[in-house]
Engineer: 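Got a structure for you, questions after.
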2 protein chains.
Amino acid sequence: MSAHATHECVQLVPIFQELAADQLDTIESIVQHHHYLPGETLFNADDPLDTLMIVSGGQAKVYQLAANGREQLLYLLQTGDIDGEAALFENKRRTSYGEALVPTDVCSIRREDFQTLMQKYPSISINVLNVFGKRLTQLERQTTSTATESVEARLANYLTETAASLKVTAFKLPLKKKDLATFLGTTPETISRKLTRFEQVGLITQKPGKIIQINDADQLLLIE
Amino acid sequence: MSAHATHECVQLVPIFQELAADQLDTIESIVQHHHYLPGETLFNADDPLDTLMIVSGGQAKVYQLAANGREQLLYLLQTGDIDGEAALFENKRRTSYGEALVPTDVCSIRREDFQTLMQKYPSISINVLNVFGKRLTQLERQTTSTATESVEARLANYLTETAASLKVTAFKLPLKKKDLATFLGTTPETISRKLTRFEQVGLITQKPGKIIQINDADQLLLIE
DNA sequence: TTTGTTTCTTGATGCCGGTCAAGTTTTTAT
DNA sequence: ATAAAAACTTGACCGGCATCAAGAAACAAA
């Protein structure tokens, strides 16, 4: 599996899941591989949006900058996630910034190539529509949540959801407080305070290494 | 409204724009027409999401309810807009509420029919992807804006953008203050106050009938 | 280790904007 | 038209959370 290092990227990606091995080979042959160190930039706002990016390993954050310079984290890209679909069909520019949080591998496909692929394998468009749909639903919730709920409720919700999606009761925060803060639309200081408060009333326990242990998920979800 | 059942609905919709007249006829023959009075419900959260809705006239709001009961306006559907694409490809339920603001006409297409159409006319999927992309981009901006900018900045931005998109310098607010408030993530009272303040410093002029006249768009955009 | 740097925590302070309330204007209905 | 209801405005109050600042802890490099 060296020159044969084949579908490393593409087989990870849900949007290609219905395809056969030889079709994946075809795709793999047209992707470009990149590696990014922590802190390195994957893309900037205003960059021409001409490639679809596939994260084949690592972790990266996608964020926007508001007019006042404040940062808003929109997505946390994990292995198998894609980015750049948003305007693959228009000739727009990016509106967000992408930055590796850990050593990260990315495969990219040029727009024209991807469009050809979609014509050839219609299942891809359907899958892309699915990705869009999920992302829209997620963003709608995030918008509603940041606009209408208290920081405490948002944080409590984030903790219980993360634990639930990992099917665990204790987990390590996947982000620095600063990034978590921009994701939840607040500040690192407030996160610290709220976590301390949750611990004081027994809802969670904090352990060294950013480990959070959920003690009472039901109560956490009742916070408003 | 629909005296002669031509392609009244479907010809309005960007996603069908490449299709020929007889193809539009085919589509028109499978849509269902509905009419809603102001305040009537188009759909509720938890409704099965099995139809694509096309607004052929009027205006409707799409909003979510947060856990604490507060409302968040996500989209304002106008003639030609569609809704329900989000989960046309999964068997999910709705997460938002739809409500007519004025007398509103809607055509709907059942999911299976729409999927058949997409197979038959591939241009439709591409167009749907475009709609998704625009909506995602818009929501990303809205998320960033509500999470990071002041109410004053958001309102100022809304005013200048609305004026710009209408290519006018004075316009009638298309929403009641309450709805505008839930769109901007604030309250009717605060909107009133901020508008009064803008007027006091000469940035805008308010005229009877919810008419807003922009006097200094540049200054408005500098507010933070 | 030791040193420097980044991240995190905790305190003090202030303000934006939400809430409640009362009065006014506009819209709708009769 | 007048009456009733809904929408809007303005004031008073105050609480949540951002900001600024300083110290503690965690991490990285040499």
Side-chain angles (χ1 to χ4, degrees), chain A residues 37-39 61 66 68-73 99 101-103 144-156 158 172-200 204-212 223-224, chain B residues 37-40 61 66 68-73 99-103 145-158 172-200 204-212 223-224:
Chain A
L37 296 177
K61 66 174 178 178
N68 54 28
R70 286 184 54 182
E71 196 175 310
Q72 171 67 37
L73 202 159
E99 182 187 318
L101 295 176
V102 298
T144 301
S145 173
T146 56
T148 63
E149 293 178 338
S150 71
V151 170
E152 225 173 81
R154 277 176 269 158
L155 176 59
Y158 171 82
K172 177 180 152 85
L173 286 177
L175 292 168
K176 291 175 191 157
K177 294 260 159 75
K178 181 187 148 258
D179 288 326
L180 183 53
T182 75
F183 182 63
L184 296 175
T186 180
T187 61
E189 294 96 323
T190 299
I191 304 238
S192 264
R193 284 187 246 269
K194 299 298 182 189
L195 286 179
T196 305
R197 194 149 181 294
F198 288 168
E199 186 164 32
Q200 284 170 349
I204 67 169
T205 310
Q206 297 188 71
K207 298 175 181 171
K210 289 203 279 192
I211 306 289
I212 303 284
I223 289 177
E224 52 177 73
Chain B
L37 296 177
E40 275 192 316
K61 65 173 178 177
N68 54 27
R70 286 185 53 182
E71 194 175 311
Q72 171 68 37
L73 202 159
E99 182 186 318
L101 295 176
V102 298
S145 173
T146 55
T148 63
E149 294 178 339
S150 70
V151 170
E152 226 173 79
R154 277 177 269 156
L155 176 59
N157 205 45
Y158 171 81
K172 177 179 152 84
L173 287 176
L175 292 167
K176 290 175 192 157
K177 294 259 160 74
K178 180 186 150 259
D179 288 327
L180 183 53
T182 75
F183 182 63
L184 297 175
T186 180
T187 60
E189 294 95 323
T190 298
I191 304 237
S192 265
R193 284 187 246 269
K194 298 298 182 191
L195 286 179
T196 304
R197 195 151 179 294
F198 288 167
E199 187 164 31
Q200 283 170 350
I204 66 168
T205 311
Q206 299 189 69
K207 297 175 182 172
K210 289 202 278 192
I211 306 289
I212 303 283
I223 289 176
E224 49 178 77

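Everything quoted here is computed from the prediction, not taken from an experiment. Proteins come first, then strands; the chains are lettered A, B, ... in the order of their sequence lines, and each starts at number 1.
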Engineer: Please confirm whether the backbone N or O of Asp179(A) pairs with a side-chain atom of Thr182(A), one donor and one acceptor, at under 3.5 Å?
Structural biologist: yes
Engineer: Check whether any side-chain N or O of Thr196(A) sits under 4.0 Å from OP1 or OP2 of dT10(C), and answer yes or no.
Structural biologist: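 Checking Thr196(A) against dT10(C): at least one side-chain N or O falls below 4.0 Å of OP1 or OP2.
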Engineer: If I take atom CD1 in residue Ile191(A) and atom C1' in nucleotide dT19(D), what distance separates them, rounded to the nearest angstrom?
Structural biologist: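 Between C1' of dT19(D) and CD1 of Ile191(A): 16 Å.
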Engineer: Checking the side chain of Thr186(A) only, and the main-chain atoms of Ala181(A) only, is there a donor and an acceptor separated by less than 3.5 Å?
Structural biologist: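 Not a single qualifying donor-acceptor pair exists.
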Engineer: Between Glu149(A) and Pro208(A), which has a closest nucleotide on DNA chain D that is more 5'?
Structural biologist: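 Result: Glu149(A).
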Engineer: Look at all strands and tell whether Gly39(A) reaches a base, only sugar-phosphate, or nothing, counting heavy atoms closer than 4.0 Å.
Structural biologist: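 Since no nucleic acid heavy atom lies under 4.0 Å of Gly39(A), the category is nothing.
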Engineer: Hey, is the main chain of Glu149(A) close enough, under 3.5 Å, to the side chain of Arg70(B) for a donor-acceptor pair?
Structural biologist: no
Engineer: Phosphate oxygens OP1/OP2 of dA6(D): is one of them under 4.0 Å from a side-chain N or O of Lys177(B)?
Structural biologist: no
Engineer: Whether Lys210(B) contacts dC8(D) is assessed here as follows: a side-chain N or O lying under 4.0 Å from the phosphate OP1 or OP2. Is that the case?
Structural biologist: yes
Engineer: Output yes when at least one side-chain N/O atom of Ser192(B) is less than 4.0 Å from OP1 or OP2 of dT10(D), else no.
Structural biologist: no
Engineer: Does a distance-only test, which skips hydrogens and angles, find a donor-acceptor pair under 3.5 Å between the side chain of Arg193(B) and the base of dG18(C)?
Structural biologist: no
Engineer: Would you indicate which nucleotide in dA7(D), dT9(D), dA18(D) comes nearest to any side-chain atom of Thr186(A)?
Structural biologist: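 The listed nucleotide nearest to Thr186(A)'s side chain is dA18(D).
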Engineer: Rounded to whole angstroms, how far apart are CG on Leu184(A) and P on dG16(D)?
Structural biologist: 18 Å
Engineer: Between Asp179(A) (CG) and dC8(C) (C1'), how many Å, whole number?
Structural biologist: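 So the CG-C1' distance, Asp179(A) to dC8(C), works out to 14 Å.
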Engineer: First locate atom CG of Leu180(A), then atom CZ of Arg154(A), and finally report the distance between them rounded to the nearest 0.5 Å.
Structural biologist: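 One finds 11.0 Å between CG of Leu180(A) and CZ of Arg154(A).
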Engineer: Quick one: is Thr187(B) getting a side-chain N or O under 4.0 Å of the dG18(C) phosphate, OP1 or OP2?
Structural biologist: yes
Engineer: Using whole Å, report how far CG of Leu195(B) lies from C1' of dT25(C).
Structural biologist: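 Whole-Å distance recorded here is 16 Å.
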Engineer: OP1 or OP2 of dC16(C) sitting under 4.0 Å from any side-chain N/O of Lys194(B)?
Structural biologist: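 For dC16(C), neither OP1 nor OP2 has a side-chain N or O of Lys194(B) closer than 4.0 Å.
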Engineer: With heavy-atom distances below 4.5 Å as the criterion, would you say the side chains of Ile211(A) and Gln206(A) are in contact?
Structural biologist: no
Engineer: For dC16(C), does OP1 or OP2 lie under 4.0 Å from any side-chain N or O of Thr190(B)?
Structural biologist: no
Engineer: Whole angstrom is fine here: how far is it from CD in Glu189(B) over to C1' in dT10(D)?
Structural biologist: 10 Å
